[in-house]
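Within every chain, numbering begins at 1; the chains are lettered A, B, ... in the order of the sequence lines, protein sequences first and strands thereafter. Since the structure is predicted, the reported quantities are computational estimates derived from the model, not experimental observations.
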Amino acid sequence: MSSHAATGSIDHHHDSTTSTGIPNKKLLWWAFLASDCMFFGTLISTHLVYRLNPPPGNAVPTQVFNIELTSFSTFILLMSSLLMALAVNAIQKGNVRSTRTMLLGTMFFGCIFLGGQVFEFTHFVHDKHMTLSNSIFGSTFYTLTGTHGTHVAIGVLLLGMMYVRTFKPAAGGGLLANFLHLLAICIAAAVAFIVLVPGLLEVIEGEALGTFLSHSAVPLLVGAAACAALIWFGRSSTAAVEFGEKNAIDVEAIGLYWHFVDIVWIIIFTAVYLLEYL
Amino acid sequence: MADALAKSGFIGNQAAHPAKPMTIFKRPTAKTGLVGWLTTVDHKKIGMLYGGFAICFFLIGGLEALMIRTQLIVPNNHFVSARLYNELFTMHGTTMIFLAVMPLNAAFFNLLIPIQIGARDVAFPRLNSFSLWVWVVGAILLNVGWLSHFVPSWKFGGAPAMGWFGYAPLTSKQFTPELATDFWVLGLQVLGVSSIVASLNFIVTIINLRAPGLTMMRLPVFTWMSLVTSFLLILALPAIAIALIFVMFDRNFGTNFFEVSGGGQPILWQHLFWVFGHPEVYILILPPMGYVSEILPTFSRKPLFGYPIVVFSGVAIGFIGFGVWSHHMFTTGLGTVATAAFSLATMAIAVPTGVKIFNWIGTLWGGRIVTRVPMMFALGFIWMFMMGGLSGIMHSAAPADAQQQDSYFVIAHFHYVLIGGATFALLAAIHFWFPKFFGRMVPEFWGKVSFWLIFVGFNCTFFPMHFLGLNGMPRRTWTYDSNMGWNEGNLFASCGAYLLGIGIFTYFAVLVYSFFKGKLCGNDPWDARTLEWSIPSPPPEYNFTAIPTVHARDAWWYEKTHQEEIAKEKAEHIKAEEAHGGIHMPDQSWFPFIAASGLLIGAYNFAQLRLPVTILGNQVLATHVPLAITGVCILLGACYFWALEGPAGYHIHLDANGNPIESEASHH
Amino acid sequence: MSAPAALASDHGSTEPSKFHFYIQIAMILAVITGVEVVLVYLPIVKWFVVTALVLLSTVKFMFVIFFFMHLRWDKVFCTILFFIGLVLAGGTMWALLHLFGAEASKPLSAAALEVPMARVATV
Amino acid sequence: MTRTRLVHQKATRFATALLAGLGLALLTGCSLADVFSLNGKQSTVNVAGPVAQSQQDLFMVTVWVTTFIFVVVGAVLAYAQIKFRAKSEADEHAVPPAEAHGNPLVEIGLIAASVLLLVIIAVPTIRGIWYTHDVPEDEKGNAIEITATGYQWWFKFEYPTETIKLPNNAGEIPLVTGNELVIPAGFPIRVQLRTTDVIHSFWVPKLAGKVDMIPNRGNFIWFKADKPGYYYGQCAEYCGDSHAIMRFRVIALSPVAYSKWLENQKQPARSVTAESLAAEAGVAHAEFASLKTGTGSALSGSVEFDADPLGAWQTAQNHEAGEDPALIAKGRQLFQDKTCISCHAVRGHEGIGITGPDLTRVGARSTIAAGVLENTHQHMHDWIKDSNHFKPGNKMWFGGFNLLEEGEWKPNPKMKLDDQEIDALVAYLHSLK
Ligand code: HEA
Ligand code: HEA
Ligand code: CUA
Ligand SMILES: [Cu+2]
C-alpha cells in the first residue's frame with residue numbers, strides 16, 4: 001500500500017486495493033450523485049407540474065426573469081467547472097501550487113454565481129414582488145433554485161476545506177492555523193462576494209456607486225481584511241506540506257460534486273428559464 | 001496473491017499517514033463500557049445497537065397495536081379517545097416501518113455484510129457510526145410528542161395523528177397546528193438522512209470490499225438483496241425528503257405547495273409520497289427475502305435453486321417497484337389510461353416475485369429438510385407472504401380495489417406481507433444468527449412454542465380482516481357501530497392479537513434467557529454455507545484472522561469440503577498479511593456521535609423555532625433560534641474535526657495459531 | 001506489489017496533461033450556451049426550438065459528465081451507477097408530467113375555487 | 001426418531017393444547033360464521049347496483065385465479081415439505097443431495113404460466129376501469145347530476161339541476177341537503193366530488209367503490225341503484241379526529257316517490273302553527289316506535305329501525321303526532337337567539353349559515369350528525385347537549401358551543417342551553433319535515 005505512494009506516480013483511474021478498481025470515495029460520490037438526481041428530479045418535476053397547471057394570479061415568469069443575468073451566471077458556472085477540472089488535472093500531476101490557484105478560482109466563480117443568485121432573489125422580491133409565499137411560481141422557483149444554490153454554497157465550503165488542507169504541514173499539527181485559514185475563506189467568500197457581486201450588479205442596473213459603497217462599507221472592509229489575511233497565510237507557510245498527488249482522489253471527489261451542480265444548472269437553465277421565453 | 005491480499009485487508013481509503021493527527025480529542029480506544037459503545041466504528045457493535053433499539057421499538061409498536069385492538073374489541077368502545085386512537089395508528093405504522101423493520105434490516109446489513117463478503121469492516125466506518133446515531137435522533141424526534149401525554153407542560157399536542165402517509169392538506173398548520181406534526185416531518189427527514197448515508201456506505205462496501213475470488217455472481221443472496229435495497233433507499237428517499245421539505249415550508253414559511261388557497265395541489269404530495277412509499281415496501285421485503293434465501297438452503301442441505309434468476313428477479317422487483325406507485329391512488333381519479341397503466345405494471349411485479357417463490361420451493365425439492373426453528377419461520381414466511389402477495393394482486397385490479405382501498409382488506413394485505421413476510425423472516429433471521437453473535441443457542445422447544453403461538457395468533461388476527469374489509473369496514477376508524485356486522489370479526493381479531501402478543505413475548509423472553517443461559521455453541525452450529533460461519537462465535541473484532549479467498553458460491557461450504565487446500569492457503573495469507581504490517585483496523589471516533597447530538601439539538605429547536613423557551617414555566621429565551629443555531633454549530637464543528645482527524649487506524653498482529661498478540665499501539 | 005505499481009506508474013506518467021483539452025471543451029460549452037440563449041429569440045417554429053434546446057442541453061450535459069467528470073476514462077461501472085439514478089429520475093419526471101398533464105388532473109383552481117371562497121366570506 | 005423431531009413434537013403438542021384452550025374460549029364468544037360474514041350493511045360482495053356488481057365480478061375473477069395459484073403452489077410446497085423431510089438424525093447429516101442449481105425450462109415455463117394467469121385478471125380489469133369510470137354513453141341522457149361536498153365531518157349534497165327560486169326574484173339556488181342523499185332507483189347518478197377542507201372519500205359499498213374528494217381536483221363518481229333501498233355510506237379517507245364517524249346514507253326511491261320528495265324539498269321550511277295543524281287533520285303521522293326511543297345497542301339504528309330502514313325513513317317523512325305549536329315556536333326563537341342560525345340554513349326561516357348542514361328538513365332525516373345517531377328525540381337532545389361526546393372535535397362544539405380564547409377552548413356563554421330549551425329546539429327541529 002504505502003509502496004504504492006512511494007513509487008511516485010499513481011494511476012488515477014484505477015485503485016488496485018478495491019475489488020472493482022474504482023476508489024471507494026469515487027464510488028461513494030457517484031452513488032450519491034445518482035441519489036441527487038432523484039432530489040433534483042423531484043424538485044424540477046414539482047416546478048414543471050405547477051407550470052403546467054398555473055393557478056390564477058400566478059406570477060408571470062418572463063416578466064420576472066432577467067435572462068441576461070442568468071445567462072451570465074450560467075457562463076460563470078461553466079467556467080468554474082473548467083477550473084475545477086483543471087484543479088484535478090493539476091493535482092494528478094502533483095502540482096500543488098497550481099491546484100491551489102485553480103481551487104481558489106473555482107471558489108471565486110462559485111461565489112460570483114452565488115452573488116448573482118442573491119442579487120436575483122432580492123431583485124425578484126423587491127422589484128418584481130414575487131416572494132416565496134405570494135404565488136406558487138415563487139414557491140417552486142425559489143425552492144428549486146435555492147436548493148441548487150445551497151448545493152453551490154456547500155461546494156464552496158468543501159472546496160474551502162480542501163484548499164485549507166493543501167497547507168497542512170507534513171510535520172503534523174497546525175490545527176489553529178488551519179481553522180483560522182478556513183474562517184478567512186468563509187468570511188472572504190460569504191461576506192465580500194455575496195455583498196460585492198449583487199452590489200456591483202445594482203450599480204450596473206443604475207444605482208450610484210457611492211450609495212453602494214456607503215451601504216456596504218463594513219462587509220466590504222471585513223471581506224478585504226479576510227482576503228488579505230488569506231494571502232498572508234498562504235505566503236507565510238513555506239514548510240513542507242502533506243498534500244500531494246496521492247490526494248488527487250479527494251480533489252476529484254469534490255470535483256464530481258461540483259460538476260454535478262453544474263449539470264443540474266444546465267437543466268434548470270433550459271427547463272426553468274429558457275423554455276419560458278417560447 | 002500479495003496483491004489480492006493488500007486489496008482485501010484494506011479498509012477506508014487513506015494510505016497510512018506518518019503525520020501527527022490534527023484533533024482536539026484524543027481518539028477513544030475503549031472497547032467496552034459507555035465510551036466504547038458511543039464511539040465504536042465496529043460494524044458488529046453498530047449492528048447490535050441498531051438491533052437492540054429496533055426490537056425495543058418493535059415492542060412499543062406492538063403495544064400500540066394491542067391498544068388499537070383493545071379499542072376495537074367491541075363496538076362503540078371508549079377505551080381510548082378518538083384523538084389518542086388516531087395517534088396510536090399513526091405512530092404504530094410509522095414506528096413499525098421506520099423504527100422497527102427498517103433498522104432491524106439495517107442491523108443485519110451491519111452484522112452480516114462485511115463478514116459475508118470477507119471484509120473487516122464497512123468502507124467508511126465512521127460514517128456508519130454516524131448513520132446509527134442520526135437514526136437515533138430521528139427516532140427520538142418522532143416519539144417526542146408522546147411526552148406531552150405525561151408532562152402537560154410539554155405542549156407538543158400529543159403524538160402526530162395524520163396517518164403514516166400524512167396526506168396533505170391534513171398536515172398543514174390549519175388542520176394540525178400541533179408541534180407533533182413538525183416533529184414528525186423533521187423526524188422522517190432525519191431518518192432519511194441516516195438511511196441514505198448508510199446505504200451509500202453499504203453500496204461501496206459490497207461493490208468494493210469483496211474478498212478475492214468473490215465475484216458478484218458468487219455473492220450470498222442476502223448480500224445481493226441488501227445491495228438492491230440500498231439502491232432503492234438512495235433512489236426512493238429523495239422523493240419524500242423533498243416532499244417533506246415542501247410540507248415544512250408550507251407549515252412555517254407560507255409557501256403554497258399543498259395549500260389550495262394559493263393554487264397548490266394536495267394530490268402532488270400523494271404522488272411524491274408513494275414514489276417513495278412503494279419502493280419502500282420492497283425496501284422492507286427484499287432483505288427478508290435474502291434471509292430466507294440463506295436459511296432455506298442451510299436447512300434443506302442443498303444450494304439455492306436457480307441462484308442467478310433469484311438474484312435477477314430481486315433486481316427486477318426493485319426496478320419495477322419504481323413504476324407502480326399510483327396503485328395506492330386508484331381512487332384519486334387518475335383517469336382511465338393512467339389507472340390502467342399502473343394496474344398492469346403492478347401485476348407485472350407478481351412475475352419476479354413468483355420466480356422467487358418457485359425457486360425456494362425448488363430448493364426444498366429433493367433436499368433433506370430439517371425443521372429447526374429458523375426453518376419453521378422461513379417456511380411460515382413462504383406461506384404467509386404468498387397469501388399477502390396474492391391479496392396484493394387482488395388490489396392491483398383497480399376497479400376491485402375501489403372497494404378495498406382504505407378498508408380492512410388493505411390492512412389484511414399489508415400485515416400479511418409485513419408480518420407474515422418481513423417479520424417472520426426477521427424472526428427467522430434473529431433465531432438463525434443469534435448463536436453467531438452471542439455464542440449461545442436458543443432452546444428449540446421454546447422456539448417452536450413461540451413459532452406456533454405467533455403463527456396461529458397472526459392468522460387469527462389478520463385473516464378475519466379480509467372479511468371485515470370486504471364487509472365494508474373502513475380502516476383508521478376509532479370506533480364502529482354495533483349493527484354493521486363487524487362485531488364478531490373484530491372480537492376474533494383482537495383475541496388473535498393478544499395471542500400474537502403472547503407469542504412475540506415468548507419469543508423475546510426466550511432470547512433474553514438464551515443470552516444468559518443458552519447452550520454454548522461453536523463456529524457453525526447449523527452446518528451452514530456462508531462465510532460468517534467460518535469464524536468464531538461471537539466473531540472477533542477483526543472478523544477474519546486471514547482474509548479468505550473465495551472459490552465458490554457457498555464459500556464456507558466449499559471450505560468445509562476442501563479443508564486441506566484451504567488450510568494451506570490460509571497459513572500463507574496470514575504470513576503475507578503480517579508482512580504487510582498486520583491486520584489494519586480503523587480507529588474509533590467521537591465525532592459521529594457529537595455530530596448527531598448537534599443534529600438533535602438543532603432539529604428539536606428548529607421545530608419550535610418561533611416559540612419562547614421556558615424552563616419550569618419561566619420564559620428564558622424569546623425564541624428557540626439561538627438553541628437551533630447552537631445545534632447546527634455543534635454539527636458543523638464536529639464534521640470539520642471529523643474531516644481533519646482522518647480515518648487513521650491501528651494494527652493487530654496474530655501469533656502462529658492465529659490468536660491476536662496484544663495489539664500493538666501503533667495508532668496513526 | 002511491484003509489478004502492478006510499475007504498470008500503474010507507466011500508465012500514469014504517459015498520460016498527457018489534459019489542460020488544453022479541458023479548455024477546448026469549456027469553449028464549446030460556452031458557445032452552445034450562447035446559441036441556446038439566441039435560439040429562444042429567433043422566430044422559428046416552437047417545436048424546433050424546443051427540440052434544439054433539449055438536444056443542446058443534452059450535449060452539454062454529456063460533455064460535462066464524460067470529460068470534466070472523467071466518465072470517459074473511468075470504469076464503465078461509474079457510468080452505469082450514475083445512469084441508474086438519471087434514468088429513474090428522468091422516468092419519474094416524465095410520468096409525473098404526464099399524470100398532471102392528463103385531462104383528469106386539471107386543477108379546479110380558478111373557477112371553482114373562487115365560489116366557495118366568496119361564499120365563506122359572506123358568513 | 002431424532003432428538004430434534006421429538007422436541008418438535010413436544011413443542012407442537014404443547015402449543016396445540018395452549019391454542020386449543022384459547023380457541024375454545026374465543027369460540028364461545030362468537031360464532032365462526034359471523035366472523036366471516038359478508039352480509040353487512042356495507043358489504044362489497046352483496047351488492048345492489050351495476051357498478052358495484054362489475055367491481056364484485058372482477059373481484060371474484062381475482063379470487064378464483066389467486067385461489068387456484070395458492071392451491072397449486074401450496075400443494076407443491078406442502079408436498080415438498082413432507083416428502084423431503086429429513087427422516088432421521090443420520091439423514092440430517094447424510095451426504096447432501098446432488099447440487100442442482102436451477103433448470104431454465106422449468107423457470108421459463110413457470111414465468112409463462114404466471115403471465116398467462118395475470119392476463120386472465122388483466123383483461124376484465126381494463127374493461128372494468130373504463131366501465132366504472134363514467135356513465136356509459138347510451139345512459140348519459142338519463143343521468144342525474146349531484147354535487148357532494150365533504151366537510152370535517154359531514155357531507156353536503158346539492159342538486160344543481162333542481163333549482164329553487166329565491167323570494168323577491170333574488171335569483172336561484174340549487175336544492176341543498178345534508179348527510180342523506182336521496183336518488184331515484186334505476187337512474188345513473190353522477191356525483192361531482194368536492195371538498196372544502198381536507199381529503200374525504202365518497203363510499204357507498206353496495207352501490208360503488210369509492211372515489212376521493214380531493215381539494216383542488218374535480219373528481220366524480222357514477223353509480224346506479226337497481227332497486228329502491230336504504231344504503232350505508234362512509235367517508236373512506238382519513239380526515240382527522242372524527243373520520244371514523246363521518247358517515248352518510250343513500251336513499252334510493254322509485255322515480256315517482258323521488259319526484260314527490262323533490263317537490264316537498266323545494267318548499268320553504270315547514271312552519272307549524274295551531275291552524276296549520278288543524279288543516280292537517282287526517283293526514284298520516286309518524287308513529288314509528290324508534291322516533292321516541294330505540295332499542296338495541298346500535299346508535300345509528302335500533303332493532304326496529306334496522307328491520308326495515310327504508311320503511312323507517314319513509315315514516316320519518318310524515319309529520320309527527322302530537323306536535324306542540326307553542327314549544328315549536330319557542331324552539332324556533334331559540335334557534336335564532338342561540339345563534340344556531342349563523343351556521344345552519346333553514347330555508348324560509350331565519351337560518352342562513354352554511355358552516356353546518358342545511359336543516360331545512362332535518363326532521364325528515366333518519367339519522368343525524370352524519371349517520372352517527374338515529375334521529376330520535378333523545379338522540380337529538382343528546383347531540384345538542386354534548387355533541388363532542390358523539391363526535392369528538394366536531395366544528396359545532398369547537399367553534400359554536402366553545403370558542404377559542406388565547407389558545408384555549410372556553411364555553412360560549414351565548415350558547416348555554418338548559419334541558420327545557422333543548423327540548424324546545426328538538427321539537428322545532430323535528431317539525432322541519
Ligand atoms: C412488505 C411490504 C409489501 C409487499 C411485499 C407488497 C407487495 C405487493 N403489494 Fe402491497 N402494500 C403494502 C406493503 C407491501 N405490499 C402496504 C404497507 C400497503 C398499504 C399502505 C397503506 O395504505 O398504508 C400496501 C398496499 C397495496 C396496494 C394499495 C391498496 C389500496 O390502498 O387500495 C396495492 C394495490 O395494488 C398493493 C399491491 C401489491 C402487489 C401487487 C404486491 C406484489 O409485490 C405481490 C407479489 C407476490 C405474489 C403475487 C405472491 C407470490 C407469487 C406467486 C405464487 C406467483 C404466481 C402469482 C401470480 C401469477 C399472480 N399493495
Ligand atoms: C412492519 C409493520 C407492522 C407490524 C409488524 C404491525 C403489527 C401489528 N399491527 Fe399494524 N400497521 C402497520 C404496520 C405494522 N403493523 C401499518 C403501516 C399500519 C397503517 C397505519 C396507518 O393507517 O397509518 C398498521 C395499522 C394497523 C391496524 C389498523 C388501524 C386502523 O386502521 O385503524 C391494526 C388493527 O388491527 C393493526 C394491528 C397490528 C397488530 C395486532 C400487530 C401485531 O403483529 C403486533 C404484534 C406485537 C406485539 C403484540 C407486541 C408484543 C409485546 C409485548 C406484549 C410486550 C410489550 C412490552 C414492552 C413494550 C416492554 N395495525
Ligand atoms: Cu372525511 Cu374521513
Ligand atoms: Cu405499493
Side-chain angles (χ1 to χ4, degrees), chain B residues 82-83 163 167 169-170 260 265-267 301-303 305-306 309 331-333 336 339-340 343 347 351 354 358 361 364-370 390 394 397-400 402-403 406 444-445 448-449 452 456 464 467 470-472 474 476-479 481-485 488-489 491-492 495, chain D residues 7 11 14-15 19 26 30 34-38 40-45 55 58-59 62 66 76-77 80 84-86 91-92 96-97 99 102 107 110 114 118 121 125-126 128-130 132-133 198-199 205 209-212 214-216 219 234 236 238 241 244 297-301 306 392:
Chain B
R83 167 79 202 192
Y167 276 1
L170 203 57
V260 181
Q265 296 193 49
I267 192 146
R301 322 207 55 73
K302 210 171 142 266
F305 187 81
I309 193 162
T331 60
T332 57
T336 42
T339 305
S343 199
M347 288 175 196
V351 177
F358 302 144
I361 298 178
L364 297 174
W365 199 268
R368 301 272 184 280
I369 301 175
V370 186
L390 293 174
M394 300 186 189
Q403 290 283 25
D406 267 330
E444 277 288 299
F445 176 81
K448 283 184 173 149
V449 168
W452 283 113
V456 175
F467 291 81
L470 293 175
N471 212 5
R476 296 176 164 180
T477 48
W478 72 292
T479 188
D481 212 345
S482 61
N483 60 352
M484 301 303 289
E488 292 79 10
L491 176 63
F492 197 89
C495 294
Chain D
V7 170
F14 181 89
L19 294 170
L26 210 96
C30 58
D34 289 334
V35 172
F36 302 112
S37 145
L38 289 174
K41 297 178 162 33
Q42 287 183 188
S43 173
T44 65
V45 177
Q55 288 161 335
L58 174 60
F59 173 65
T62 69
T66 55
V76 178
L77 175 54
F84 298 108
R85 229 169 172 197
D91 204 12
E92 286 183 10
E99 311 249 317
E107 308 274 9
L110 287 170
S114 305
L118 286 173
I121 300 180
T125 297
I126 302 288
I129 290 173
W130 264 266
T132 54
H133 176 67
V198 298
I199 303 178
K210 62 192 75 60
V211 176
D212 297 347
I214 300 176
N216 209 355
N219 282 351
Q234 173 136 19
Y238 177 65
D241 285 352
S297 60
L299 299 175
S300 69
D306 277 350

*Asks:* Report the distance from atom CZ of D:F84 to atom CD1 of B:I369, rounding to the nearest 0.5 Å.
*Replies:* 7.5 Å

*Asks:* Need one label for B:L364: side chain, backbone, both or neither, based on atoms under 4.5 Å from any heavy atom in chain D.
*Replies:* both

*Asks:* If I measure from the heavy atoms of chain D, does B:V456 come under 4.5 Å with its side chain, its backbone, both, or neither?
*Replies:* side chain

*Asks:* Examine whether an atom of D:D241 lies under 4.5 Å from a heavy atom of chain B, and if so say whether it belongs to the side chain, the backbone or both; otherwise answer neither.
*Replies:* both

*Asks:* Check each atom of B:S343 against the heavy atoms of chain D and say whether the ones under 4.5 Å are side chain, backbone, both or neither.
*Replies:* side chain

*Asks:* Is D:I126 in contact with chain B via its backbone, its side chain, both, or neither, using a 4.5 Å heavy-atom distance?
*Replies:* side chain

*Asks:* Can you tell which of D:L58, D:L77, D:T125, D:T62 has the highest number of heavy-atom pairs within less than 4.5 Å of chain B?
*Replies:* D:L77

*Asks:* Using non-hydrogen atoms only, which part of B:Y167 is less than 4.5 Å away from chain D: side chain, backbone, both, or neither?
*Replies:* side chain

*Asks:* D:P205 versus chain B, heavy atoms under 4.5 Å apart: side chain, backbone, both or neither?
*Replies:* both

*Asks:* What part of D:T132 lies closer than 4.5 angstrom to a heavy atom of chain B: side chain, backbone, both or neither?
*Replies:* side chain

*Asks:* How many angstroms lie between CG in B:D406 and OG1 in B:T477, if you round to the nearest 0.5 Å?
*Replies:* 10.0 Å

*Asks:* Would you compute the distance between atom CG of D:L110 and atom CZ of B:F358 and round it to the nearest 0.5 angstrom?
*Replies:* 5.0 Å

